[in-house]
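Every number for a ligand or one of its atoms is a count from 1 in the order of the listing. Just so you know, residue 1 is the first one in the sequence shown, and it goes up from there. Please read these numbers as outputs of a predicted model, since none were measured by experiment.
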Amino acid sequence: MIGVFDSGIGGLTVVKKIFENLNKYQVLYFGDTARAPYGNKGETTIKKYAVEDAKFLIDQGAKIIVVACNTVSAVAIDTLKKTFDLPIFEVVIPGVQEAVRSTKNKRTGVIGTRLTIDSGIYNQLIKKLDPKIKVFSQAAPLLVPLIEENWLKKTETRRIVKRYLHPLRSSQIDTLILACTHYPFLRRIIQTKIGRRVKIIDPGEEVVKQIQEFLKKNPAIEKTLIKGSKHKFFVSDLTPKFQTLASQWLGQKIKLEKVDINLGS
Ligand code: DGL
């Protein structure tokens with residue numbers, strides 16, 4: 001099974017891409033809704049949560065892990081790779097690589113949670129690949145709660161997006177990385193506010209391309225992945241709102257199951 005986890009249900013944007021492009025594989029999803037949001041917590045806490053989330057998926061039979069959370073990818077990927085001996089995919093590097101490939105004017109924007117932006121990881125990795133690129137970063141902490149309220153088309157949301165993007169627009173970026181797995185839900189508004197000429201990069205799309213490549217090159221691992229559509233969706237806290245949003249966002253009826261992964265230990 002392909003194990004996918006996120007702090008909550010925003011990581012379903014990545015599952016959607018897996019369903020579109022790797023649809024023969026069974027997916028096992030875990031959203032840590034009881035402890036979300038991750039984006040305004042500290043690094044030590046996120047490392048601990050990340051290990052617990054991945055362990056849960058591995059115990060359930062995941063043979064590869066997809067970290068569908070930029071915050072975890074930004075601060076805890078080394079910890080995960082040191083702790084577990086299986087292929088682990090994350091969303092930062094694929095987004096960085098695509099931005100470096102795409103920018104023409106060498107001015108790239110990044111929006112994400114506070115922890116992702118404060119980690120400086122995007123700036124660091126982009127500069128490593130091309131020191132000439134200027135990176136303009138903006139934490140956008142209000143977007144996750146607006147998305148989770150399903151305020152996707154409200155005037156207030158448009159205004160807040162506009163305000164967050166204003167400095168990036170003034171900086172004349174030509175590429176913008178959506179460095180949070182929730183943000184693809186606001187992709188249209190973001191595109192309108194940042195301007196049609198800016199290329200939006202969704203790291204979820206990019207990581208799925210990397211997984212496809214990896215599975216082609218590693219048939220022995222590919223064989224271990226269970227095929228079929230008996231996907232499972234687990235969350236650490238279940239409310240009717242999560243249930244409704246998850247089905248709506250994924251565009252198909254799914255059933256979330258509440259699971260206790262030994263929280264607070
Ligand atoms: N899914 C998280 C990310 O991609 C954002 C939500 C959170 O802060 O937990 O960073």
At under 4.0 Å between heavy atoms, is it the side chain or the backbone of [X] that contacts ligand 1, or both, or neither?
X: Cys69; value: both
X: Asp6; value: side chain
X: Thr71; value: both

Per-atom contacts of ligand 1 with [X], taking only distances under 4.0 Å to non-hydrogen atoms:
X: Gly39; value: 7 (C), 8 (O), 9 (O)
X: Tyr38; value: 7 (C), 8 (O), 9 (O)
X: Ser7; value: 1 (N), 2 (C), 6 (C), 7 (C), 9 (O)

Q | Under-4.0 Å salt bridge between Glu98 and Lys199 | A |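 A salt bridge links Glu98 with Lys199.
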Q) Do Lys209 and Glu213 meet the salt-bridge criterion of a basic N to acidic O distance under 4.0 Å? A) no
**Q.** Geometric class of the Tyr49/Tyr38 ring pair [parallel <30°, tilted 30-60°, perpendicular >60°]
**A.**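 Aromatic pair Tyr38/Tyr49 classed tilted.
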(Q) Walk me through whether Phe30 and Phe234 qualify under ring-ring contact (aromatic ring centres under 6.0 Å, His included). (A) CA-CA 5 Å; Phe30 176 66; Phe234 294 102; 7.7 Å; no
Q. Between Asp32 and Ser7, is any side-chain donor less than 3.5 angstrom from a side-chain acceptor?
A. no
Q) Does any donor atom in the side chain of Asn70 or Tyr122 lie under 3.5 Å from an acceptor atom in the other side chain? A) yes
Q: Could you find the nearest protein heavy atom to atom 5 (C) of ligand 1 and give me its residue, atom name and distance?
A: Cys180 SG, 3.4 Å
Q) For Thr113 and ligand 1, does the shortest N/O to N/O distance drop below 3.5 Å? A) no
**Q.** Short N or O distance, Asn40 and ligand 1, threshold 3.5 Å exclusive
**A.** no
(Q) Can you confirm if the aromatic rings of Phe5 and Phe56 lie within a centre distance of less than 6.0 Å? (A) no
